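The structure under discussion appears below in the form of structure tokens.
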Amino acid sequence: MENVFKKEAKHADFSWENLGDIKTGRGDLGEEMPVLVYRLMQYTMLDVLSKAHSMDTANEYFRQAGFLAGVEFSKHALDKSLDFNAFVANLQNALEDLKIGILRMEAFNPDTGDIVLTVGQDLDCSGLPITNENVCVYDEGFIAGILEDYTGKKYDVREVDCWANGDRVCRFSGTIKA
């Protein structure tokens, strides 16, 4: 018997499958687009959310969205059967292939799980004017989601260096939540 109470999916309910068949749908234009278009969506959305709520709330929404994206990206685009070093190499290749950024591992403590990563030439901020702030909160969530999906442990990830703060790479520090 069919469940008549089953919730009908909506476009706002995220699932990987709802990303669609991009190759078929964009046959002439292809799968790539300029970073300008990505940033136009990102920063106008941040502007609207911060005016409707607050900058802290808007940043938390972006962090949560990044987390969801990171978990889904890990599930669908990465090989989680690999050991840690191979997984990081797989992640580096995936981020570079998709032109998200150039990931480098700076430090990892296998005993505590503490991790320091840099992302160069990233989508969110490379080339932005200096505003003396860290702006990559979406990326904080994205990295935390990937780490949690791979390790099974909840991570708190924060950006400690950012292009918009005068640095030339974004540096992220991650620790396992107590």
Side-chain angles (χ1 to χ4, degrees), residues 14 16 19 31-46 49 55-56 58-80 82-110 112-177:
F14 182 81
W16 191 262
L19 295 176
E31 295 181 81
E32 296 182 17
M33 66 173 197
V35 172
L36 172 73
V37 176
Y38 169 83
R39 287 186 183 173
L40 182 64
M41 181 188 70
Q42 177 183 16
Y43 287 109
T44 56
M45 191 176 306
L46 183 61
L49 288 172
M55 183 54 92
D56 287 342
N59 281 339
E60 187 52 34
Y61 286 149
F62 265 63
R63 195 174 287 110
Q64 289 175 24
F67 178 83
L68 175 59
V71 168
E72 293 296 322
F73 184 79
S74 178
K75 285 180 181 177
H76 297 279
L78 300 174
D79 183 353
K80 296 186 303 182
L82 300 171
D83 68 36
F84 184 75
N85 289 332
F87 178 77
V88 170
N90 179 231
L91 176 59
Q92 287 173 316
N93 290 334
L95 295 181
E96 192 165 343
D97 289 348
L98 293 170
K99 300 182 180 177
I100 293 170
I102 300 172
L103 177 75
R104 297 288 178 253
M105 172 83 66
E106 285 194 347
F108 177 68
N109 183 328
T112 64
D114 291 353
I115 191 166
V116 178
L117 306 166
T118 63
V119 181
Q121 300 181 41
D122 66 287
L123 282 173
D124 290 349
C125 74
S126 294
L128 286 182
I130 306 242
T131 58
N132 296 316
E133 59 187 334
N134 292 346
V135 300
C136 300
V137 293
Y138 180 89
D139 294 346
E140 291 174 346
F142 187 72
I143 294 167
I146 291 169
L147 291 172
E148 181 174 321
D149 189 57
Y150 177 72
T151 67
K153 297 175 181 166
K154 293 190 181 300
Y155 267 83
D156 181 41
V157 175
R158 291 296 181 254
E159 185 179 34
V160 295
D161 295 314
C162 183
W163 184 290
N165 207 13
D167 300 294
R168 288 299 174 248
V169 295
C170 294
R171 181 169 287 106
F172 299 89
S173 176
T175 56
I176 294 175
K177 292 181 181 180

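The structure displayed is predicted, hence computed values, not measured ones. Sequence positions, counted from 1, serve as the residue numbers for this chain.
Listed here is the closest heavy atom pair of Glu140 and Val157: CB-O, 3.4 Å. Here the shortest heavy-atom pairing between Leu46 and Ala58 reads CD1-CB, 3.8 Å. Considering all non-hydrogen atoms of both residues, Ser126 and Gly120 come closest at OG-C, 4.4 Å.
Ring pair Tyr150/Phe87 is parallel by interplanar angle, where below 30° counts as parallel and above 60° as perpendicular. Using cut-offs of 30° and 60° on the angle between ring planes, the pair Trp16 and Phe14 is perpendicular.
You'll find the side chain of Met55 reaches within 4.5 Å of the side chain of Asn59, heavy atoms only. Taking the side chain as every heavy atom from C-beta outward, Arg39 and Leu128 approach each other to under 4.5 Å. A 4.5 Å side-chain heavy-atom check between Met45 and Tyr61 finds every atom pair outside the cut-off. For the pair Tyr155/Ile115, a side-chain contact is recorded, criterion being any heavy-atom separation below 4.5 Å from C-beta on.
Within a 6.0 Å sphere centred on NZ of Lys99, other residues, nucleotides and ligands contribute 12 heavy atoms or fewer. Dense packing is recorded around CD of Glu72, with more than 12 heavy atoms of other residues, nucleotides or ligands lying under 6.0 Å away.
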Yes or no on side chain to side chain contact (heavy atoms under 4.5 Å, CB included) for Asp139 and Glu159, after CA distance, side-chain angles and deciding distance? CA-CA 8 Å; Asp139 294 346; Glu159 185 179 34; 6.0 Å; no
Audit row: Tyr43, Val135, side chain to side chain contact (heavy atoms under 4.5 Å, CB included) steps and yes/no: CA-CA 10 Å; Tyr43 287 109; Val135 300; 3.7 Å; yes
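Interatomic distance, Thr151 OG1 to Lys80 NZ, rounded to the nearest 0.5 Å: 10.5 Å. The distance from the CZ atom of Phe67 to the CD1 atom of Ile143 is 13.0 Å, given to the nearest 0.5 Å. How far OH of Tyr138 is from CG of Asp122: 12.5 Å, rounded to the nearest 0.5 Å. Rounded to the nearest 0.5 Å, atoms SG (Cys162) and CZ (Arg168) are 10.5 Å apart. Distance check: Lys154 NZ to Ile176 CD1 gives 12.0 Å after rounding to the nearest 0.5 Å. Between atom OG of residue Ser173 and atom CG of residue Asp156 there is a gap of 8.5 Å, rounded to the nearest 0.5 Å.
Tyr38 places no side-chain N or O within 3.5 Å of a backbone atom of Asp124 that could act as its donor or acceptor partner. No donor-acceptor distance shorter than 3.5 angstrom exists from the side chain of Ser74 to the backbone of Gly70, with no hydrogens or angles considered.
When each of Val160, Val116, Val119, Asn134 is checked for a side-chain contact (heavy atoms from CB on, under 4.5 Å) with Phe172, only Val119 meets the rule.
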List the atom pairs, donor and acceptor, that lie under 3.5 Å between side-chain atoms in residues 88-95 and the rest of the protein, sequence neighbours left out.
| unit_1 | atom_1 | unit_2 | atom_2 | d |
| --- | --- | --- | --- | --- |
| Asn90 | OD1 | Asp79 | N | 2.9 |
| Gln92 | NE2 | Leu103 | O | 3.0 |
| Asn93 | ND2 | Ala89 | O | 3.3 |

